[in-house]
Amino acid sequence: NNPPWPAYRGYHEFSFAHETMGKRLPTILGKAIDDTIRTLNEQSDEERMVDLLKCIERMQVLMKDLQNNAKLRPIIDDGEGDVALWNKELARYFRGKTFMDAPWFFAEAYKYRRLHECFSISKYWKDYDVFFRQKCDTFSRSSTAVFELSTRFAEPFHYEANASDAEKLEARKLVFHELTQVCLWGNATDLSLLINMTEEDIKNLQSTGGEHLAATEKNILGNHIERIWNMLSKMKDGRIDFVLDNAGFELYCDCVYADWLIQSGIAKQVRFHGKRFAWFVSDVTRKDWDWLLNSMMYGSLFPDGSDAELASLKQLATRWKGYENEGQWIYEQHPFWCTGYSFWSLPSEAPDLFLHLSESDCVYFKGDLNHRKLTYDCQAPSQTPFDIAIGPLASEDGAPPVVSLRTIKSDVVVGVPEEVSKRLDEEEKGWRISGKYAVVLVSDGDTE
Ligand code: F6P
Ligand code: MG
C-alpha cells in the first residue's frame, strides 16, 4: 500500500527534510524548553515544580536523542489512544531506524509525539502545551487582517435586492472563489517556519483584500477552485469536513469559510478535526478552538480596535458559538491524526475514521503537513494527478471527495505541470519551501 516513489528522509541533503531534522527541530525543541522553564518560574507549589522539572529533564533527553541521531524507541504507554498505532508502525516498518533514516513525515511526527510524552507521563502536566503562549500571541498581533474579515463578514450574507437567480449564482460563486483563497492563504502563518515574526511580517502574510488575492491567484500552481465550485454549487444541506491545520489566524479563516458554507445552504453541518495534543507547533487543539471563540467573544485581545471592529468580532463569535450549540459545527479529535501514519494508511489503520469521513460530502485537508501525509511525502513527479498521488483515499470504496488547500512549504509537489515545476526548479531556488506558492487540488473520490 505504498506509492512507487521513495519517501523523503532526513539524510537526503537535497531535501528540506535534512534542514528540518538537523536544524529546525532542535531549534523548536529549544524554544519549547524555554517556554517550560518560564512556566516553572511562575510556580509556587513544590510537588508541581518537581513534577515539571522532570518534564524538562525528559525534553533534554529528547534533545540529545535528536542531536545524536538516536534510534527511535517505542512510545511509552501513557494511556493515549494512539500508542498502539505508533508502536505497531515502529515494530513493523521502522524497527531500528534513526531520526535521520526513517521517512521524514514519520520521524518528524515521532519527535512531536515524544515531546508530548515528556508531559503525558507526569502527574500534574499531562496536557501542558509548550506552544500555547506562542499561538495566542501571534493571533493577538493579527488585528489588521482579523478586522478586515470580521467587518466584511459579520453581517449575514445577503444578495442585492431584486437579484435574478443567475445573478445570485454569480454572487455566490464570487464569494466562494474569494473565501477559498482566504482559507488557503490563511495557511501561510504556520509558526514552525516563522520564528520571531514582526508585526509587519504578520501583516504581509495575512493580506486578505481583493486586490491582493487577485495578485496571488497566479501563485496557485495547480488550481481546481472552479472544479470544487462545480461540485459544491450543486450541493444543498450537505456535510463538509475540515481536517484542520493551524490555530489562531488560519483557524479564524477556516471558520469564516465554514460560516459562509452554512449560510449559503451548501452545508448544514461542518465537522472540524483537530489534534489531541500540541502538534507541529501551531496545530489546533481543543483548547485552541475554545480559546479562539471565547477570546473573540469575551477577551480583549485587540485594545486598539474601534468599537465597530470589536462589535463585528463579537457578532461573528456569537454566530459561531450558536452553530456549535446547535450541533451545526462539531469539533472532533480522532487519535489517528497524531500518529506517524500517512493518509495512504487511513482506511486500513483507522477504519472507523475512514467510515466516518466517507459519510462527508467533501473533506478539506488544510496545510502542508496534511498534504505531505495525503501524498506519502514522496518524490512523485510534479505532474502526478492528485487522485493518483493520494492513493487509497481516492480509490478505496467509499472514499469521499477530498480537497487539499496548501501553501507549498516542503519538497513534495503534485498536480502541477512538469514545465512549471522544472522552470521554478531552475529559476527560483527555494520555491518549494517559501510558502509563496500554493495548490488547491480535488479528488472526486469513489463516485459510485
Ligand atoms: O516541517 C515540515 C512541515 O510540513 C513544513 O513543511 C511546514 O513548514 C510545517 O511542517 C508545517 O506546515 P503546516 O502547518 O502548513 O502543516
Ligand atoms: Mg501546522
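When reading the values below, keep in mind they use all heavy atoms of this one structure, side chains included, and skip hydrogens, waters and symmetry mates. Bear in mind that the values here come from a model prediction, so they are computed numbers and not experimental data. For ligands, and for the atoms within them, numbers begin at 1 and follow the listed sequence.
By the criterion of a heavy-atom distance under 4.0 Å, neither the backbone nor the side chain of Lys366 is placed next to ligand 1. Of all the heavy atoms of Leu369, the ones lying under 4.0 Å from any atom of ligand 1 are found in both the backbone and the side chain.
Checked against a 3.5 angstrom limit, the closest N/O atoms of Ser282 and ligand 1 fall outside it.
The shortest heavy-atom distance from Arg406 to ligand 1 is not under 4.0 Å.
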- [ ] Begin from the C-alpha positions of Tyr110 and Phe99 and carry the test side-chain contact (heavy atoms from CB on, under 4.5 Å) through to its verdict.
- [x] CA-CA 9 Å; Tyr110 174 86; Phe99 280 94; 3.7 Å; yes
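Asn223 places a side-chain N or O within donor-acceptor distance of the main-chain N or O of Ile225, the cut-off being under 3.5 Å. Using a distance-only test at 3.5 Å, with no hydrogens or angles considered, no donor-acceptor pair links the side chain of Arg432 to the main chain of Ser410.
Heavy-atom proximity to Asn246, at under 4.0 Å, picks out these atoms of ligand 1: 14 (O). Which parts of ligand 1 touch Glu108 is read off a 4.0 Å heavy-atom cut-off, strictly below it: atoms 1 (O), 2 (C). For ligand 1 and Trp104, the ligand atoms under 4.0 Å from any heavy atom of the residue are 2 (C). Atoms of ligand 1 lying under 4.0 Å from any heavy atom of Asn187, numbered from 1 in the order shown and given with element: 15 (O). Near Arg372, meaning under 4.0 Å from any of its heavy atoms, are these atoms of ligand 1: 1 (O), 2 (C), 3 (C), 4 (O). Every atom of ligand 1 is numbered from 1 in the order shown, and the set under 4.0 Å from a heavy atom of Asp368 is 3 (C), 4 (O), 5 (C), 6 (O), 7 (C), 12 (O), 13 (P), 15 (O), 16 (O).
In plain terms, the two heavy atoms of Ala258 and Phe272 that are nearest each other are CB-CZ, 3.6 Å.
In this structure, a donor-acceptor pair under 3.5 Å is present between the side chains of Arg133 and Thr39. Side chains of Asn187 and Asp245: a donor-acceptor N/O pair is present below 3.5 angstrom, by distance only. Side-chain atoms of Asp387 and Ser443 include no donor-acceptor pair closer than 3.5 Å.
Side-chain contact between Tyr257 and Val182 is absent, with no heavy-atom pair separated by less than 4.5 Å.
Residue Asn246 counts as close to the Mg ion (ligand 2), with an N, O or S atom under 2.8 Å. For residue Asp283, an N/O/S atom approaches the Mg ion (ligand 2) to within less than 2.8 Å.
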